[in-house]
Amino acid sequence: MFRWKDSFSCNIKTIDEQHQKLFELGGNMRELLSMNDSIDHYDEIMNILNELREYTIYHFNYEEKLMEKYDYEALEAHKQEHSAFISKLNEVSNKDIDENQKEAIMDILVFVADWIAVHIQQTDKQYQPYLNLKGVF
């Protein structure tokens, strides 16, 4: 589910490295879900969720500044998708994670996996040829 493949590449080294971090965080969350124990993982869930939120804010800012620098025409639509992602993360973190840990982890996993499938594979791939033509690799 969270294995990097060349098909995810945007052919921009820094962006690819940042996307790989998203895969790593998703893998960490999947690992938590696979633990079949009765141990309270609330702190671990919140740490991963907070790291995911901080990472995405950093990554989105980087990506948006790059698109702005090169006058990418779909920047505003891209920003809206980024904003929706952060809103969803905030919504998840406000749920009662402590009471429903497995369900919360599953919700986050599905959300991040869908994000990878749709945003990275489709939306981010749209700026790749444009930025590559501008010499960004």
Side-chain angles (χ1 to χ4, degrees):
M1 179 190 272
F2 291 102
R3 288 199 180 128
W4 179 262
K5 299 175 193 163
D6 288 339
S7 63
F8 291 111
S9 175
C10 290
N11 200 32
I12 300 170
K13 186 178 188 294
T14 307
I15 298 290
D16 287 347
E17 290 170 351
Q18 292 176 8
H19 285 164
Q20 288 171 21
K21 177 68 174 173
L22 179 59
F23 279 74
E24 178 186 322
L25 293 171
N28 293 346
M29 196 63 79
R30 185 189 48 141
E31 189 176 309
L32 269 180
L33 183 64
S34 69
M35 293 179 183
N36 241 353
D37 57 28
S38 59
I39 297 172
D40 185 345
H41 293 285
Y42 178 79
D43 290 338
E44 293 163 278
I45 295 168
M46 293 310 295
N47 286 339
I48 292 172
L49 189 57
N50 288 332
E51 187 177 359
L52 180 63
R53 185 179 15 265
E54 289 172 17
Y55 156 76
T56 54
I57 290 169
Y58 163 77
H59 167 65
F60 292 163
N61 285 334
Y62 179 88
E63 203 175 59
E64 290 170 8
K65 284 181 180 166
L66 188 63
M67 288 185 276
E68 189 174 332
K69 178 179 179 180
Y70 292 98
D71 296 319
Y72 181 63
E73 66 183 29
L75 172 60
E76 289 307 313
H78 213 96
K79 281 182 173 181
Q80 289 175 358
E81 286 190 32
H82 289 169
S83 179
F85 184 92
I86 297 298
S87 293
K88 176 66 176 177
L89 283 182
N90 289 334
E91 179 183 310
V92 168
S93 67
N94 289 332
K95 284 185 177 179
D96 192 5
I97 292 173
D98 198 28
E99 295 294 320
N100 302 301
Q101 292 182 13
K102 292 282 186 191
E103 181 183 322
I105 295 169
M106 183 56 81
D107 287 349
I108 296 165
L109 275 175
V110 168
F111 174 63
V112 172
D114 286 348
W115 177 262
I116 288 170
V118 176
H119 186 81
I120 293 176
Q121 286 286 70
Q122 295 174 16
T123 307
D124 284 353
K125 290 283 190 163
Q126 291 174 359
Y127 67 62
Q128 175 187 340
Y130 180 82
L131 291 177
N132 286 169
L133 280 173
K134 299 286 186 178
V136 181
F137 291 96

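Side chain of Lys69 to backbone of Glu64: no donor-acceptor contact under 3.5 angstrom is found. Not a single donor-acceptor pair under 3.5 Å links the side chain of Thr123 to the backbone N or O of Ile120. Judged purely by atom type and a 3.5 angstrom limit, Ser83 has no side-chain atom pairing as donor or acceptor with the backbone of Lys79. Checked by atom type and distance alone, the side chain of Asp16 pairs as donor or acceptor with a backbone atom of Cys10 at under 3.5 Å.
The number of heavy atoms from other shown groups lying within 6.0 Å of CD (Gln121) is above 12.
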Audit row: Gln18, Glu63, side chain to side chain contact (heavy atoms under 4.5 Å, CB included) steps and yes/no:
CA-CA 10 Å; Gln18 292 176 8; Glu63 203 175 59; 5.7 Å; no
Audit row: His59, His19, side chain to side chain donor-acceptor pair (under 3.5 Å) steps and yes/no:
CA-CA 8 Å; His59 167 65; His19 285 164; 3.2 Å; yes
Donor-acceptor contacts under 3.5 Å from residues 102-116 side chains, at least two apart:
residue	atom	partner	partner atom	Å
Lys102	NZ	Leu33	O	3.1
Lys102	NZ	Met35	O	2.4
Asp107	OD2	Lys95	NZ	3.3

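With sequence neighbours excluded, the residues forming a salt bridge (Lys or Arg N to Asp or Glu O under 4.0 Å) with Glu17 are Lys13, listed by chain and number. Residues satisfying the side-chain contact (heavy atoms from CB on, under 4.5 Å) test with Leu131, not counting sequence neighbours, are Ile12, Leu66, Tyr70, Tyr127, Val136. In this structure Tyr42 satisfies the side-chain contact (heavy atoms from CB on, under 4.5 Å) test together with Asp40, Met46, Ile97, Asp98, Gln101, sequence neighbours excluded. Every residue two or more places apart in sequence or in another chain that forms a salt bridge (Lys or Arg N to Asp or Glu O under 4.0 Å) with Lys21 is listed here: Glu24, Glu51. Ile39 meets the side-chain contact (heavy atoms from CB on, under 4.5 Å) test with Asp37, His41; sequence neighbours excluded.
Ring orientation note: the planes of His78 and Tyr72 are nearly perpendicular, at an angle over 60° on the 30°/60° scale.
A distance of 13.0 Å separates OG1 in Thr14 from CZ in Phe137, rounded to the nearest 0.5 Å. Atom CD1 of Ile48 sits about 11.5 Å away from atom CZ of Arg30, to the nearest 0.5 Å.
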